[in-house]
Visitor: 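Pasting a structure below so you can have a look.
Below, chains carry the letters A, B, ... as their sequence lines are ordered, and counting in each starts from 1.
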Amino acid sequence: MPDLAILIPSVLNGLTTGALYALVALGLTLIYGVLHIINFAHGALLMIGLYAVYFLNVQFGVDPYVSLLIVPPLMFALGYALQRGIITRAGHGRDENILLVTLGLSIVIENLSLFVFKSDTRVIDTPYSFEVVEILGAFLPLPKVIAFVGAFVTAGILWVLMSRTDLGKAIRALAKERKGAKLVGINTEHVYAMSFGLGIACLGVAACLLLPSYYVSPQVGHGFVLIAFTIVVLGGMGSFVGALIGGLIIGVVEALGGLFLGESLGQIGIFVIFILVLIFRPTGLLGHKV
Amino acid sequence: MLEVTSLRSGYGAVEVLRGIDLDIEAGEIVALLGSNGVGKTTFSSVLSGLIRPWSGTIRFKGEEIQGLSEQAIVDRGLIHVPEGRHVFPNLSVRENLELGSYRRGRANRARNLDHVVDIFPRLKERFAQKAGTLSGGEQQMLAIGRGMMAEPELLILDEPSIGLSPLLVEEMFDLIQRLNSDGLTILLVEQNVLQSMEIAARAFVMENGEIRLSGVASVLMDDPELQRSYLGLA
């Protein structure tokens, strides 16, 4: 049993990673909860966000945190356009079609980026990349601490949006009662696209918070999206709070797994949890709530 | 206020409405009666834009509205309270009502909210509760209240009494009459012939996608055909 001096940093590290996972999962769960589609292009779109942050930094010297004002709105627009222009049109309202369309999108996006960007792993260099903060005696990289706070602020903004604004109420209403929504005059296609856009904007935020302590390559989304799916299942499909809690749990499990079993087996705990949840609590920790 | 001429519509290749003519004057309650499956709900859905008409015209306040989107029809003040309520189960009563003014009546939302809970005091007690946890009668009140939030000029009530206990049905019809006496024009779509006729000025009886009988409610009540087919009287 390792002592606390090792355990605490490991748990804190897991929490910071988990908050970012949660952010990716929030977008996924929002899209699932409202549109009832599993967005297989989620990882590919995260990758696009990361490249956007990367090139803004390398070409124009824009700090990743300043990109928070640029990339999420662009990702929102991209999500809105994808949903209205491609996914709805090609899906014809059938779930299995939509599933294949998002899968196809992810293949196209990833291979295009392989072609354009090559499979190099790229990182950015910021003055604070290697700064650390001391918390509870543990030294944590500053970008990860910022990411942790940023993920919660984003979740908070999303919560206010969903519970306090007409758009948020319309999104939640449409998730469960399409006919009622139409009859109060909600433009369903627009609100569906807004939901998809918001989910993708979450990825834009995640990209800005992630890049200072991470890297980008055409395949970078894979790891995230698999974990995000696990989080969504763990937290309960469509549940925001579930996604947040699930993200943190998974982050910590991964960190502790890495500590006890070694870096390469670190993720095994995630998938053990995934299978256990599916067997014993298929609705997730907070299932049936939107 | 509403003038429907030779309206035809249906699903796929199946014709459900075979040329409907119907009119509603401002301030009236008009009942659209008929048993299950004659096309009443299809008719309301065409009026509110959920289903496209095949042919015919719908004039609302002098303007042709057939084929417009649901939103455009809500904008004009034709509000449809659907059969089966279709309230938002995962939203609170308050949020349901607020969304009633998503497109229309938004400026007066606070005032209309007070007005609606005046009419339905029981909704006030349930304000923070999720609509899915309400009883059938309460959900019906919520559905009507949600419709009222859009400041309707014509309110379509599709089967408001369905699934309610006899006592509640009585209450519901009293309420519809009260809304009407406050100046609201209502199209009451019902299977409940007797009680609908009591509060309606005029009635249309539908059969097999067509209007079979129509006229002033009190006169229609004595029609031998209506008595035979719908009231089970000799």
Visitor: Who wins among A:Leu167, A:Asn187, A:Leu174 for the most heavy-atom pairs under 4.5 Å with chain B?
Guide: A:Asn187
Visitor: Is there a side-chain contact between A:Asp166 and B:Arg106 (heavy atoms, below 4.5 Å)?
Guide: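 Yes; the side chains approach each other to less than 4.5 Å.
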Visitor: Tell me, for B:Val87 versus chain A, whether the close heavy atoms (under 4.5 Å) come from the side chain, the backbone, both or neither.
Guide: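 B:Val87 touches chain A through backbone heavy atoms alone.
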Visitor: Considering non-hydrogen atoms only, spot the tightest contact between B:Gly100 and A:Val184 and give its length.
Guide: CA-CG1, 4.1 Å
Visitor: Relative to chain A, which segment of B:Leu99 carries a heavy atom at a distance below 4.5 Å: side chain, backbone, both, or neither?
Guide: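 Backbone plus side chain of B:Leu99, per the 4.5 Å heavy-atom cut-off to chain A.
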Visitor: In Å and rounded to the nearest 0.5 Å, what is the CD to NZ distance from B:Glu70 to A:Lys179?
Guide: 11.0 Å
Visitor: Work out which heavy atom in B:Arg103 is nearest to a heavy atom in A:Gly185; give both atom names and the distance.
Guide: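 Of all heavy-atom pairs spanning B:Arg103 and A:Gly185, the closest is CD-O, 2.9 Å.
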Visitor: Quick check: does any side chain N or O of B:Asn90 sit under 3.5 Å from a backbone N or O of A:Arg172, one acting as donor and the other as acceptor?
Guide: yes
Visitor: Do you know which of A:Ser163, A:Ala170, A:Ala173, A:Ala181 has the most heavy-atom pairs with chain B at a distance under 4.5 angstrom?
Guide: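 Highest number of heavy-atom pairs under 4.5 Å: A:Ala173.
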Visitor: Rounded to the nearest 0.5 Å, what separates atom CZ in B:Arg85 from atom CD in A:Glu177?
Guide: 12.0 Å
Visitor: Which one, B:Ala150, B:Ser48, B:Pro82, leads in non-hydrogen pairs under 4.5 Å with chain A?
Guide: B:Pro82
Visitor: Return the NE2 to NZ distance between B:His80 and A:Lys182, rounded to the nearest 0.5 Å.
Guide: 13.0 Å
Visitor: State the CD-CZ distance between B:Glu95 and A:Arg164, to the nearest 0.5 angstrom.
Guide: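 Separation between the atoms: 8.0 Å.
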